Amino acid sequence: MNLQFLGDALDHWKGSLLESLQQARVVRNLAADPMASDQHDWQPQDFSLFARLLRIDRARLVPHQFDLSRRKEYFEEITHVGDLFVDPDTGVATSRVKELKRYIKPSEIAQLLNLPDRLLVVYQHIQRQKVAARISAVGHVLEQSVPGLHWCSYESASVAMLFLSRVRQRTAAVETHFFDFLGRHAERRIRGSGRQA
């Protein structure tokens with residue numbers, strides 16, 4: 001997340017999805033990490049707004065002493081034991097990238113999925129390609145990098161939300177929830193490792 005985009009329409013979309021899953025008890029004990037690429041510019045009120053947009057309590061944001069220039073230390077500070085939402089500027093890095101602070105690496109996702117039964121939610125922005133193609137590429141890289149990974153996605157015109165777990169039932173519950181919620185519109189929006197478009 002970059003401060004210049006805080007409060008845009010996509011933050012409301014993220015919050016709506018997370019709220020829907022929490023109300024249905026598909027997501028449990030949720031915490032969030034904004035992965036602020038410009039962390040030193042953030043003020044306390046910015047973090048509070050981020051939490052409000054996600055429709056979670058401010059205390060549910062992961063606190064950090066280190067920024068994303070110290071990635072090992074940054075990810076070691078994530079000690080929350082429940083489900084987790086991470087909000088990198090761009091999403092999952094599937095190859096070498098110029099500005100790593102804008103991404104989360106597959107190895108970092110694997111680290112965050114070391115907790116049994118965790119559902120990890122990752123925001124993915126997409127530019128200059130079709131969303132389905134990008135999400136398929138991300139899914140392929142993650143399946144190669146994270147043993148036993150299961151995933152599904154909620155896809156929009158230029159963004160997607162990825163739901164990742166080592167437990168198939170966790171991602172299946174997300175798929176079921178959104179298929180029930182969206183009805184006949186779900187086929188265009190929801191995909192997963194067991195359900196390809």
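Atoms considered below: every heavy atom in the structure, side chains included; atoms not considered: hydrogens, waters and symmetry mates. Note that the coordinates shown come from a computational prediction; the quantities given were computed from them, not determined experimentally. Residues: numbered from 1 along the sequence shown.
Considering only heavy atoms from C-beta on, Leu182 stays 4.5 Å or farther from Arg188 through its side chain. A 4.5 Å side-chain heavy-atom check between Leu100 and Lys105 finds at least one atom pair inside the cut-off. Looking at Leu21 and Phe163, their side chains come closer than 4.5 Å, going by heavy atoms from C-beta outward. Between Arg55 and Leu18, the closest side-chain pair of non-hydrogen atoms is not below 4.5 Å. In this structure, the side chains of Met161 and Ser156 stay at 4.5 Å or more apart for every pair of heavy atoms. At least one side-chain heavy atom of Trp13 sits under 4.5 Å from a side-chain heavy atom of Val159. Annotation: side chain of Leu53 is not in contact with side chain of Lys14 (no heavy-atom distance under 4.5 Å). No side-chain heavy atom of Gln124 sits under 4.5 Å from any side-chain heavy atom of Val122.
For the atom pair Arg134 CZ and Ser153 OG, the distance stands at 12.5 Å (nearest 0.5 Å). Between the CD atom in Gln39 and the NZ atom in Lys101 there is a gap of 11.5 Å [rounded to 0.5 Å]. For the atom pair Lys130 NZ and Ser158 OG, the distance stands at 14.5 Å (nearest 0.5 Å). Taken to the nearest 0.5 Å, the CD atom of Glu19 stands 11.5 Å off from the CG atom of Leu30. For the atom pair CG (Asn114) and CD1 (Ile109), the distance works out to 12.5 Å, reported to the nearest 0.5 Å. For the atom pair Tyr74 OH and Leu68 CG, the distance stands at 5.0 Å (nearest 0.5 Å).
Ser165 places a side-chain N or O within donor-acceptor distance of the main-chain N or O of Val167, the cut-off being under 3.5 Å. Proximity of a side-chain donor or acceptor of Glu77 to a complementary backbone N or O of Gln65 within less than 3.5 Å is detected. Distance alone, capped at 3.5 Å, is enough to place a donor-acceptor pair between the Asp8 side chain and the Asp11 backbone. Panel note: side chain Arg168, backbone His150; no donor-acceptor pair is recorded below 3.5 Å. One N or O on the side chain of Asp83 and one on the backbone of Leu119 form a donor-acceptor pair closer than 3.5 Å. Put simply, the side chain of Ser16 never gets that close to the backbone of His12: no donor and acceptor are under 3.5 Å apart. Panel note: side chain Asp33, backbone Val62; no donor-acceptor pair is recorded below 3.5 Å. Without hydrogens or angle criteria, His80 side chain to Asn29 main chain gives a donor-acceptor distance under 3.5 Å. Side-chain atoms of Asp89 come within 3.5 Å of backbone N or O of Asn2 as a donor-acceptor pair. Formation of a donor-acceptor pair under 3.5 Å by the Arg60 side chain with backbone atoms of Ala51 is not found in this model.
No continuous path of hydrophobic side-chain contacts links Tyr103 to Leu142 [ILVMFWY only; heavy atoms under 4.5 Å]. By the rule that hydrophobic residues join a cluster once side-chain heavy atoms approach within less than 4.5 Å of another member, Ile56 and Leu10 end up as members of one cluster. Both Ile78 and Leu162 sit in one connected hydrophobic cluster of ILVMFWY residues. Membership requires side-chain heavy atoms under 4.5 Å apart, directly or through other members. Under a hydrophobic clustering in which Ile, Leu, Val, Met, Phe, Trp and Tyr are joined whenever their side-chain heavy atoms come within less than 4.5 Å, directly or via other members, Phe85 and Leu6 fall into the same cluster.
Smallest separation of non-hydrogen atoms from Arg28 and Arg170: NH2-NH1, 3.3 Å. For the pair Asp67 and His40, the tightest heavy-atom approach, listed with the atom from each and the gap, is OD2-NE2, 2.8 Å. Between Trp151 and Glu175, the shortest heavy-atom distance links the atoms O-OE2, 4.3 Å. Scanning all heavy atoms of the two residues, the minimum distance from Asp41 to Leu3 falls at O-CD2, 3.5 Å. In plain terms, the two heavy atoms of Arg166 and Ala110 that are nearest each other are NH2-O, 3.3 Å. Taking every heavy atom of both residues into account, Leu112 and Arg118 meet most closely at O-NH1, 2.8 Å.
Phe178 and Phe181 have perpendicular rings, their planes meeting at more than 60° on a 0 to 90° scale where under 30° would count as parallel. Using cut-offs of 30° and 60° on the angle between ring planes, the pair Trp42 and Phe47 is tilted.
Partners of Phe75 according to the ring-ring contact (aromatic ring centres under 6.0 Å, His included) rule, which considers only residues two or more places apart in sequence or in another chain, do not exist here.
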Determine, step by step, whether Phe50 and Arg58 satisfy the side-chain contact (heavy atoms from CB on, under 4.5 Å) criterion, reporting the C-alpha distance in whole Å, the side-chain angles of both residues, the deciding distance to 0.1 Å, and the verdict.
CA-CA 8 Å; Phe50 181 73; Arg58 169 69 174 85; over 6 Å; no
Candidate pair Thr176 and Val26, rule side-chain contact (heavy atoms from CB on, under 4.5 Å), full reasoning:
CA-CA 10 Å; Thr176 298; Val26 174; over 6 Å; no
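Among Thr171, Leu164, Leu120, the one residue that satisfies the side chain to side chain contact (heavy atoms under 4.5 Å, CB included) test with Leu149 is Leu164.
Ion pairing between Glu76 and Arg70 fails under the 4.0 Å rule for side-chain N and carboxylate O.
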